[in-house]
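Beneath this line is the structure, given in structure tokens, with notes to follow.
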Amino acid sequence: MNDIRSHLKALGQEHLLRFYDELDSTSQSRLIDQLKGLDYSVLDITDRQEQRGAFEPMGAMTLDQIEKNRPRLTEIGLDAIRKGEVGAVLLAGGQGSRLGSADPKGMFDIGINRRLYIFECLIGNLLEVTKKAGTFLPLFIMTSSQNDAQTREFLKAHDYFGYDGSHIHFFVQEQLPTVDVNGKLMLSAKDTVSCAPNGNGGWYISMRRSGLFKRIKNAKSLKWLNVFAVDNVLQRIADPCFVGAVISEGKSCGAKVVSKAAPDEKVGVLCLEDGKPSIVEYYEMTDEMKTLRDPDGSLSYRFGVILNYLFRIDELDKAFGVSLPLHRAFKQVSFIDENGELIRPEKPNAYKFETLVLDMVRLQSSCLAFEVEREREFAPVKNKTGIDSVESARALLQKNGVEL
Ligand code: UTP
């Protein structure tokens, strides 16, 4: 106990023991155990920009090219699915703070006159593929310790929306402490330091550490993992044509991309960095990069990523253990104040620390940018209203013939 106290004092974080004396012995041990295992390195993370290499535009397999080859590519993808080589990984550990619902985002009902949960939408899309392939494929779902039980119960109660539950495997991502604007770690309860999910970049490490690969049947045949976000309700999962294209081009990973709507659009762009595939974030792009054009007039850096990637497992294993950069994000984080009152802020008040799946692309030897039509495949639900909102996603679902 004294060790911990002096360690916290040295870090200027002694306030975490503010309520220690009023806790019962079980809560005291819980707090001490947590303090011992905490990753204090987040205290050193600032908004410093990472040193990046030399960027160059990267081409894509375009809509036209895909259309010409669709039957052949689809057959290659379906064949891989039938051989059990493809799994899907649903990233559902986020807190969805911008949407403002306390439930996991996948439980959000996007319907208007009927009920249509986001999970239902996604699984419905995946079922189209499994029907074509004539087989289920493993669906791995990453949750966080905050939403794991609720997510599992919800999906089970809805009979996995028609998916075969024996092919669904959950794993829980890891956490990092949150830090307020004064550089102080926070308490979420008198005996608990506030932590948040450590970003979507930790999925492969968490999946490996969960032991799933050892436990599931047929894990040995798995070669590819299609990783995707929970919040794109038009998400095509394990899209056979995409899988087939990456295989037929001999690439070690693939990324679905959409053409940018405007030079200033706030989207990460697939490109080359020092000759290797990479993603440059919109805030890292110079004006010259944003407005650079090809001879045909189209933007040179135009292929925006939509958080739908295909990774080859052996390449992921090669890069296993390489640490990804930690980004800090300013978010709303509930906390216990000095009077022991729970405060639920209405505006961002603290930093969360996250690794991002997009940084994993830099660790791959090659990547196929696979262009998809934005209006058919990209309807993210991030905000309550406005851009990338419930409203805009509903409009896009309806445009695609989904009755709401
Ligand atoms: P976002 O970056 O939109 O984060 O996640 P979020 O936490 O869901 O939402 P906000 O920013 O608080 O409003 C993009 C995808 O990554 C997943 C999300 O569930 C979503 O599918 N994600 C994000 C995780 O799985 N874990 C995380 O720690 C963060």
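Every number for a ligand or one of its atoms is a count from 1 in the order of the listing. Treat the numbers as computed from the prediction; the structure is a model and nothing was measured.
Each of the atoms 3 (O), 20 (C) of ligand 1 lies under 4.0 Å from some heavy atom of Asp231. Against a heavy-atom cut-off of under 4.0 Å, Lys382 is close to the following atoms of ligand 1: 1 (P), 3 (O), 14 (C). Atoms of ligand 1 lying under 4.0 Å from any heavy atom of Ala229, numbered from 1 in the order shown and given with element: 15 (C), 21 (O).
Proximity annotation for atom 9 (O) of ligand 1: of Gly94, Gly93, Gly201, Gly96, Gly96 comes nearest, heavy atoms only. Considering each of Thr355, Asn147, Asn200, Val227, the one bringing a non-hydrogen atom nearest atom 15 (C) of ligand 1 is Asn200.
Judged by distance alone, the side chains of Gln175 and Gln146 do bring a donor and an acceptor atom under 3.5 Å apart. Side-chain atoms of Thr62 and Asp64 form no donor-acceptor pair, as typed in the model, at a separation below 3.5 Å. For the 3.5 Å distance criterion, the side chains of Asn200 and Glu354 fail to qualify, holding no donor opposite an acceptor. Under 3.5 Å, the side chains of Gln28 and Asp191 contain no donor-acceptor pair of N or O atoms. Side-chain contact check for Ser278 and Arg52: at least one donor-acceptor pair (N or O, by modelled atom type) lies under 3.5 Å.
Here the protein heavy atom with the shortest distance to atom 2 (O) of ligand 1 is Arg98 NH2, 4.2 Å. In this structure, the protein non-hydrogen atom closest to atom 7 (O) of ligand 1 is Gln95 N, 2.9 Å. For atom 17 (C) of ligand 1, the nearest non-hydrogen atom of the protein is Leu91 O, 3.7 Å. With hydrogens left out, the protein atom closest to atom 11 (O) of ligand 1 is Lys331 NZ, 2.5 Å, a heavy atom. Atom 28 (O) of ligand 1 has Gly199 N, 2.8 Å as its closest protein atom, hydrogens excluded (heavy atom only). The nearest protein atom to atom 26 (N) of ligand 1, hydrogens excluded, is given as Gln173 OE1, 2.6 Å; this is a heavy-atom distance.
Note on Lys105 versus Asp231: salt bridge recorded, some NZ/NE/NH1/NH2 to OD/OE distance being below 4.0 Å.
With a 6.0 Å cutoff to the six-membered ring centre and a 45° limit on the axis angle, Arg236 does not count as a cation-pi contact of Phe242.
For the atom pair Gln34 CD and Ile4 CD1, the distance stands at 10.5 Å (nearest 0.5 Å). Residue Gln65 holds its CD atom at 10.5 Å from CZ of Phe370, rounded to the nearest 0.5 Å.
The shortest N or O to N or O distance between Val230 and ligand 1 is below 3.5 Å.
If you look at Pro197 next to ligand 1, the close heavy atoms, those under 4.0 Å, come from the backbone and the side chain alike.
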